[in-house]
Amino acid sequence: MEKITAVKGMKDILPADAPVWREVELSARRIFERFGFCEIRVPIMEKTSLFQRSIGETTDIVEKEMYTFCDRDDELLTLRPEATASVIRAYIEHNFAGVEPVTKLFTIGPMFRRERPQKGRFRQFHQIDVEVFGDDSPASDAEVIFMLTHFLKEAGLAELSLEINSLGCRTCRPDFSRAVVDYLKGSEQALCPDCLRRIGTNPLRVFDCKVETCASVIDGAPRITDYLCPDCEQHFSSVQALLSDLQLEFTLNPKMVRGLDYYTKTAFEVKSGALGAQNSLAGGGRYDGLVRFLGGPDVPGIGFGIGMERLIACLPPRADSFFRTDIFVAALGARAQQQGFRLANELRAAGLSAAMDYADKSLKSQMKRADKLNSAYTLILGDKEIEENRAELRNMNTKEQKSLPLEGIAQALKNILKER
RNA sequence: GUGGGUGUAGCUCAGCUGGUCAGAGUGCCGGGUUGUGGCCCCGGAGGUCGAGGGUUCGAACCCCUUCACUCACCCCA
């Protein structure tokens, strides 16, 4: 029979890893709420048209990476490849703009893209996603970037490099784009086939081509920073001033172009050397026209996404097991098994973690099990003890052992554990 | 979609130029202590050597096909 395995590029998060995930998520919630962000949970599926419109019809994501299928009533649905579109949809649908001038949201969950998996890239991956609506001030950019780096440091990330750029806006980007195309057309013979294709499809992407000859061509290309309109120019320099004021180190990367069509003005990215080729662990930017473009009010927006798999891959490894058991009930014989079972569940109901082996094995074997489960105490229950209405309590660290009456034992154990 | 690498026990891997090559460590189960864990000692279970075909007297090893995983490109978190 054919082995049933997980879908390609989709990973189980095993018990050994789950605690780290939980901590990262908890830490995100705690920190983001300090900055005034509220959690929103949105469906992982949306109507396909939402993503087509927001991400851009000609992007790789929409063209070939989406999990799209036809619902039973012939409606096209898509597993979300990113979170921003869904959050904006919810923002519009629930008329947040009518209720408050500025809305700050975050959401955590899985995203889906049908790419070829490799290190740091999966078909189902998880993002922590943050969005601010209704604030076009540079302070908003700086706040969001500061929060991102603060969170990453707090999560335990040692070295991170922050890069920022401005991508201009509706008025200045087209000029820049045209200048780049003109420039590239002058050196077509030096470009790789991919880049030649890009001139027609998405000229700005030539900027992050890794082929050496292309890179040297790009070194001489026009810079977006020379083409920014006064408004974008002003905004960008304010953002930089604010970041410096916050003691945040960053590097200007005029070659950074982000993949999604909707970005405007500030774009930023956090990279790590520990990740292999997919070295970007968080990225985001401003998207001032997007909410309106999706049928909402004309409010500005800015946000970022953090790749959880990539973040966790950068974290220093955890050695110790998180798993602990307060009491292991070791029962010997049928009668003890029966009493022990009741006792173990009483302890659980009383708020202690309790474990037991139901296979009626030797005491030695049960002690081994207790040890494996990292038990603080083992409660030994055999015929002798039952006869006398008591149990032997063994401290697994000190090996000290004492007899406890079964009467009121849950409370007694709670007290003992509290003292530790 | 394109290229490279790797598939041997639950896990990590060894296995030379085809001829005791089906192994080690770890984990699991049991015993040494007939009711006491971690260390130590002993024993046991567990593998159609990814799958299919071919060459050969003989294939984990060579050839072909295929699948999976992995890394890289494309692109992105």
Side-chain angles (χ1 to χ4, degrees), chain A residues 2-3 5-9 11 14 16 55 58-65 80-84 108-130 148 152 192-195 197-198 201-202 205 208-211 256-260 268-272 275-284 303-314 325 328 330-333 336 357 359-385 391-401:
Chain A
E2 196 189 334
K3 234 196 296 181
T5 59
V7 175
K8 184 200 283 288
K11 302 285 189 188
L14 299 173
I55 299 170
T58 61
T59 55
D60 276 19
I61 293 179
V62 171
E63 273 184 352
K64 52 190 192 196
E65 293 174 1
R80 62 179 182 196
E82 55 113 41
T84 303
I108 302 175
M111 310 293 157
F112 304 85
R113 289 182 202 172
R114 212 198 120 82
E115 301 174 271
R116 192 79 157 242
Q118 70 184 73
K119 191 178 176 71
R121 190 170 61 196
F122 311 96
R123 289 185 172 184
Q124 175 176 338
F125 60 101
H126 298 76
Q127 275 188 341
I128 300 173
D129 187 78
V130 167
L148 169 61
L152 292 175
C192 71
D194 280 328
C195 284
R197 179 176 51 78
R198 288 178 180 122
T201 57
N202 199 341
R205 294 229 66 90
D208 49 21
C209 183
K210 285 158 192 159
V211 177
M256 179 173 68
V257 284
R258 302 209 38 87
L260 287 62
F268 53 94
E269 206 167 308
V270 174
K271 292 181 178 175
S272 162
L275 278 174
Q278 309 307 318
N279 62 356
S280 159
L281 89 216
F304 64 77
I306 304 171
M308 288 189 74
E309 282 83 358
R310 291 183 187 180
L311 166 58
I312 286 168
C314 290
T325 305
F328 186 92
L332 298 156
D357 193 326
D360 196 19
K361 295 192 187 157
S362 70
L363 180 60
K364 173 180 178 151
S365 157
Q366 294 191 60
M367 294 292 292
K368 277 190 180 176
R369 189 90 193 113
D371 196 48
K372 277 276 150 51
L373 295 177
N374 227 329
S375 305
Y377 290 92
T378 296
L379 206 54
I380 301 167
L381 204 58
D383 288 337
K384 256 192 308 195
E385 286 77 9
E392 280 290 301
L393 182 70
R394 179 181 178 86
N395 181 321
M396 295 301 277
N397 287 325
T398 64
K399 296 185 170 188
E400 279 173 285
Q401 225 162 288

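The chains referred to below are lettered A, B, ... by the order of the sequence lines, with proteins before strands, and numbering in each begins at 1. Just so you know, these numbers come straight off a predicted model, no measurement behind them.
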Which is more 5' along RNA chain B, the nucleotide nearest Lys384(A) or the one nearest Gln127(A)? Just name the residue.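 Whichever sits nearer the 5' end wins; that is Lys384(A).
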For Gly307(A) and for Ser375(A), locate the closest nucleotide of RNA chain B by heavy-atom distance; then report the residue assigned to the nucleotide nearer the 5' terminus. Ser375(A)
Given [options], identify the nucleotide with an atom nearest to the side chain of [X].
{"X": "Arg116(A)", "options": "rG38(B), rU2(B), rU36(B)", "answer": "rU2(B)"}
{"X": "Glu392(A)", "options": "rU70(B), rC74(B), rG35(B)", "answer": "rG35(B)"}
{"X": "Arg394(A)", "options": "rU36(B), rA72(B), rA77(B)", "answer": "rU36(B)"}

Starting from [atom2] on [N], measure out to [atom1] on [X] and report it in whole angstrom.
{"X": "Leu363(A)", "N": "rG35(B)", "atom1": "CG", "atom2": "P", "value": "8 Å"}
{"X": "Arg123(A)", "N": "rC69(B)", "atom1": "CZ", "atom2": "P", "value": "9 Å"}
{"X": "Leu332(A)", "N": "rG37(B)", "atom1": "CG", "atom2": "C1'", "value": "14 Å"}
{"X": "Asn395(A)", "N": "rG38(B)", "atom1": "CG", "atom2": "P", "value": "16 Å"}
{"X": "Phe125(A)", "N": "rA77(B)", "atom1": "CZ", "atom2": "P", "value": "7 Å"}
{"X": "Leu393(A)", "N": "rG35(B)", "atom1": "CG", "atom2": "C1'", "value": "16 Å"}
{"X": "Glu115(A)", "N": "rU2(B)", "atom1": "CD", "atom2": "P", "value": "16 Å"}
{"X": "Arg114(A)", "N": "rG1(B)", "atom1": "CZ", "atom2": "P", "value": "7 Å"}

Within the 4.0 Å heavy-atom criterion, would you say [X] contacts the bases, only the backbone, or no part of the nucleic acid?
{"X": "Gln401(A)", "answer": "base"}
{"X": "Lys399(A)", "answer": "base"}
{"X": "Ile380(A)", "answer": "base"}
{"X": "Phe304(A)", "answer": "nothing"}
{"X": "Ala277(A)", "answer": "sugar-phosphate"}
{"X": "Gly284(A)", "answer": "nothing"}

Within the modelled atom types, does a donor on one side and an acceptor on the other bring the side chain of Glu385(A) and the base of rG35(B) under 3.5 Å apart?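 When only heavy-atom distances are counted, Glu385(A) does reach the base of rG35(B) through a donor-acceptor pair under 3.5 Å.
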Does any donor-acceptor pair link the side chain of Arg121(A) with the base of rC71(B) at a separation under 3.5 Å?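 No such pair is found, so the answer is no.
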Any donor-acceptor N/O pair, [X] side chain to [Y] backbone, under 3.5 Å:
{"X": "Arg113(A)", "Y": "Pro81(A)", "answer": "yes"}
{"X": "Asp360(A)", "Y": "Gly333(A)", "answer": "yes"}
{"X": "Gln366(A)", "Y": "Lys361(A)", "answer": "yes"}

If pairs are Watson-Crick or G-U with both distances under 3.5 Å, what is the dot-bracket string of RNA chain B, marking crossing pairs with [ ] and pairs to another strand with |? (((((((..((((.....[...)))).(((((.......))))).....(((((..]....))))))))))))....
With rounding to whole Å, what would you report as the distance between [N] and [M] at their [atom1] atoms?
{"N": "rG3(B)", "M": "rU8(B)", "atom1": "P", "value": "24 Å"}
{"N": "rG15(B)", "M": "rC28(B)", "atom1": "P", "value": "27 Å"}
{"N": "rA24(B)", "M": "rC42(B)", "atom1": "P", "value": "13 Å"}
{"N": "rG53(B)", "M": "rG58(B)", "atom1": "P", "value": "15 Å"}
{"N": "rA9(B)", "M": "rG18(B)", "atom1": "P", "value": "23 Å"}
{"N": "rA22(B)", "M": "rC49(B)", "atom1": "C1'", "value": "8 Å"}

Gln118(A) side-chain N/O to rC73(B) phosphate OP1/OP2 under 4.0 Å: yes
Taking N or O atoms only and anything under 3.5 Å, show me the protein contacts with nucleotides 28-32 of chain B, one pair per line.
unit_1	atom_1	unit_2	atom_2	d
rC28(B)	OP1	Lys372(A)	NZ	2.6
rC28(B)	OP2	Lys372(A)	NZ	3.3
rG32(B)	N7	Lys364(A)	NZ	2.9
rG32(B)	O6	Lys364(A)	NZ	3.4

Which atom pair, heavy atoms only, marks the closest approach of [X] to [Y]?
{"X": "Gly9(A)", "Y": "Pro117(A)", "answer": "CA-CG, 3.9 Å"}
{"X": "Ala370(A)", "Y": "Ser375(A)", "answer": "O-OG, 2.9 Å"}
{"X": "Phe122(A)", "Y": "Lys11(A)", "answer": "CE2-CE, 3.8 Å"}
{"X": "Leu332(A)", "Y": "Ser362(A)", "answer": "CD2-C, 4.5 Å"}
{"X": "Gln124(A)", "Y": "Phe112(A)", "answer": "OE1-CE2, 3.3 Å"}
{"X": "Gln401(A)", "Y": "Ile380(A)", "answer": "NE2-CD1, 4.1 Å"}

So do Met396(A) and Thr378(A) actually touch side chain to side chain, heavy atoms under 4.5 Å? yes
Which residue is it: Arg121(A), Gln127(A), Lys119(A)? I am looking for the one with a side-chain contact (heavy atoms from CB on, under 4.5 Å) to Arg310(A).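 Single pass found, and it is Arg121(A).
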